[in-house]
Amino acid sequence: MNKIIRVTTVPMSLGGLLKGQLKFMSQHYTIIGISGKGGDRLDRVSKEEGIEVYPVEMTRKITPIQDLKAVYKLYKIFKKEKPTIVHSHTPKAGTLSMIAARFAGVPHRLHTIAGLPLLEATGKKRVLLDTVEKLTYRCATMIYPNSYGLNDIIKENGYTTEKKLKVIGKGSSNGINTSHFDPQLYSDKDNQNLRDELKIKSSDTVIIYVGRLVKDKGINELIGAFKKMGSQHSNCKLLLVGTYEKDLDPLLPETEHEINTNPNIIFVGWQTDVRPYFAISNILAFPSYREGFPNVVMQAGAMGLASIVTDINGCNEIITDQINGEIIPVKNTERLYQSIKKLVEDKSLRDLMASNARESIVSRYNNQYVWDQLLSEYRSLIN
């Protein structure tokens with residue numbers, strides 16, 4: 001049986017970003033996972049997905065000596081296992097494993113792109129990151145952007161040749177389990193209990209954000225828009241589900257202060273299961289600056305929410321403007337405010353978008369469809 005090695009920088013990506021996919025692929029190929037140690041997280045991935053794993057520590061920052069050590073470890077594993085395919089995800093894992101796989105003579109070296117953080121960088125840092133990106137693509141035999149917009153950005157920046165690029169299916173790295181993200185799983189009683197716990201009235205309209213609470217996700221704009229909204233609509237609540245990254249991408253001090261002091265902003269931190277929070281919400285607000293193919297927008301759609309997203313790749317493919325949500329410009333607090341205001345005040349429009357939302361996700365991004373498309377790609381390469 002042909003052997004495929006999947007590589008991510010941290011175990012959370014291997015077990016979360018690709019949840020279920022590795023187990024599915026192991027029915028057709030011998031699948032091995034490689035990721036950082038991360039405590040017992042990698043062992044849990046091994047058990048949950050039913051695959052062999054190797055720990056190789058990889059940092060998310062620029063650390064030349066540690067990076068060279070990781071390349072050597074990856075090289076030794078590839079030479080030992082002799083895979084037909086090495087397929088990487090996440091930036092650092094992509095660079096290190098594509099270099100190692102090329103030196104090891106792996107015939108098919110695949111890298112999936114799920115966003116380009118470097119697009120927000122400037123000056124010498126941007127030059128360095130551009131160089132590393134081109135090196136990664138040069139060592140790979142195929143590059144899979146997980147959205148058509150990302151595919152265009154890669155071509156515009158000249159990172160690689162068009163013949164190396166391909167979007168699998170209709171986008172997304174893994175799709176989502178639409179049987180898992182289903183509002184029918186939550187009863188009115190379930191929803192009322194959580195609303196009571198969070199002190200949300202039945203008459204309140206709930207705007208939800210799920211993700212990291214960082215500048216690049218548009219949180220400064222979201223808090224600014226909601227603050228303005230709150231002065232006119234006291235029956236609105238903003239539900240924030242996620243964690244801060246104050247060392248990597250901090251928010252403005254005034255934004256944090258507003259989150260901590262505004263009684264209509266409810267911060268619940270990181271949640272293992274976000275579905276109950278979607279189930280009690282009415283609108284997703286996701287004003288991110290950049291994305292690959294955001295799971296949150298797919299999840300919210302599958303849970304039957306109208307969405308407000310920015311006009312960036314991934315988001316503007318999942319959402320069709322005025323059909324299952326609204327698309328607004330990036331970094332525009334006023335337009336975000338106007339969209340929130342419109343969907344809060346126009347319940348019939350919001351309900352129409354919500355009624356379109358789930359079917360738009362089920363028909364295009366159910367994870368079985370994405371897995372089948374990737375399996376076809378593997379088969380075409382190996383054959």
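Since we're looking at a predicted model, the values are computed, not measured.
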Let me confirm one number: the [atom1]-[atom2] distance from [X] to [Y], rounded to the nearest 0.5 Å.
X: Arg6; Y: Ser35; atom1: CZ; atom2: OG; result: 12.0 Å
X: Leu375; Y: Ile168; atom1: CG; atom2: CD1; result: 11.0 Å
X: His233; Y: Glu345; atom1: NE2; atom2: CD; result: 3.5 Å
X: Asp204; Y: Lys199; atom1: CG; atom2: NZ; result: 13.0 Å
X: Asp188; Y: Asn193; atom1: CG; atom2: CG; result: 11.0 Å
X: Ser234; Y: Asn264; atom1: OG; atom2: CG; result: 7.5 Å

May I ask whether Phe226 and Phe278 are part of the same hydrophobic cluster, defined by side-chain heavy atoms of I, L, V, M, F, W, Y residues being less than 4.5 angstrom apart, directly or through others? yes
Co-membership, hydrophobic cluster, residues Tyr289 and Tyr209, 4.5 Å side-chain: no
Would you indicate whether the side-chain heavy atoms of [Y] and [X] approach each other to under 4.5 Å?
X: Tyr277; Y: Val206; value: no
X: Ile223; Y: Ile265; value: yes
X: Leu198; Y: Ile280; value: yes
X: Ile5; Y: Ile85; value: no
X: Gln368; Y: Phe24; value: yes
X: Val309; Y: Ile318; value: no
X: Leu238; Y: Leu222; value: yes
X: Thr310; Y: Pro287; value: yes

Near [X] [atom1], under 6.0 Å, is it more than 12 heavy atoms from other residues, nucleotides or ligands?
X: Lys47; atom1: NZ; value: no
X: Asp273; atom1: CG; value: yes
X: Arg60; atom1: CZ; value: no
X: His257; atom1: NE2; value: no
X: Tyr186; atom1: OH; value: yes
X: Lys228; atom1: NZ; value: yes
X: Gln27; atom1: CD; value: yes

Quick one: do the [X] and [Y] side chains pair a donor with an acceptor below 3.5 Å?
X: Asn146; Y: Ser173; answer: yes
X: Glu377; Y: Gln373; answer: no
X: Asp311; Y: Asn316; answer: yes
X: Ser203; Y: Asn235; answer: no
X: His87; Y: Tyr378; answer: yes
X: Glu317; Y: Tyr148; answer: no
X: Glu258; Y: Asn262; answer: yes
X: Glu326; Y: Ser339; answer: yes
X: Tyr54; Y: Lys80; answer: yes
X: Asp190; Y: Ser187; answer: yes
X: Thr8; Y: Ser13; answer: no

Carboxylate-amine/guanidinium contact [X] [Y], below 4.0 Å:
X: Lys331; Y: Glu221; value: no
X: Asp351; Y: Lys347; value: yes
X: Glu245; Y: Lys215; value: no
X: Asp249; Y: Lys217; value: no

Name the one of His111, Met58, His89 that satisfies side chain to side chain contact (heavy atoms under 4.5 Å, CB included) with Val7?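 Only one of His111, Met58, His89 forms a side chain to side chain contact (heavy atoms under 4.5 Å, CB included) with Val7, namely Met58.
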Where [X] and [Y] come nearest, the two heavy atoms and their spacing:
X: Lys37; Y: Leu42; result: O-CB, 3.8 Å
X: Val56; Y: Ile34; result: CG2-CG2, 3.8 Å
X: Ile176; Y: Ala302; result: CD1-CB, 3.7 Å
X: Gln66; Y: Thr59; result: NE2-CG2, 3.5 Å
X: Ser307; Y: Ile319; result: CB-CD1, 3.7 Å
X: Ala100; Y: Tyr75; result: CB-N, 3.7 Å

Counting N and O atoms only, with roles assigned by atom type, does the side chain of [X] sit under 3.5 Å from a partner on the main chain of [Y], one being a donor and the other an acceptor?
X: Arg195; Y: Lys201; answer: yes
X: Lys3; Y: Glu81; answer: yes
X: Lys82; Y: Lys79; answer: yes
X: Asn151; Y: Pro145; answer: no
X: Asn366; Y: Val362; answer: no
X: Lys164; Y: Ala140; answer: yes
X: Asn282; Y: Thr205; answer: no
X: Arg350; Y: Leu343; answer: yes
X: Asn260; Y: Glu256; answer: yes
X: Arg358; Y: Thr178; answer: yes

Let me see the working for Lys227 and Tyr337 under side-chain contact (heavy atoms from CB on, under 4.5 Å), right down to the final yes or no. CA-CA 9 Å; Lys227 183 179 180 181; Tyr337 158 72; over 6 Å; no
Just checking, Lys170 and Tyr365: is the charged tip under 6.0 Å from the six-membered ring centre and within 45° of the axis? no
My understanding is that only residues two or more places apart in sequence, or in another chain, count here; which of them pass salt bridge (Lys or Arg N to Asp or Glu O under 4.0 Å) with Arg290?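 Listed in chain order: Asp216.
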Met98 vs Val86, test: side-chain contact (heavy atoms from CB on, under 4.5 Å). Steps then yes/no. CA-CA 8 Å; Met98 289 300 97; Val86 168; 3.9 Å; yes
Check the angle between the aromatic planes of Tyr137 and Tyr159 and answer parallel, tilted or perpendicular using the 30° and 60° thresholds.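 Judged by the thresholds at 30° and 60°, the geometry between Tyr137 and Tyr159 is perpendicular.
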Are Phe267 and Tyr244 close enough that their ring centers fall under 6.0 Å?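 Centroid separation for Phe267 and Tyr244: below 6.0 Å.
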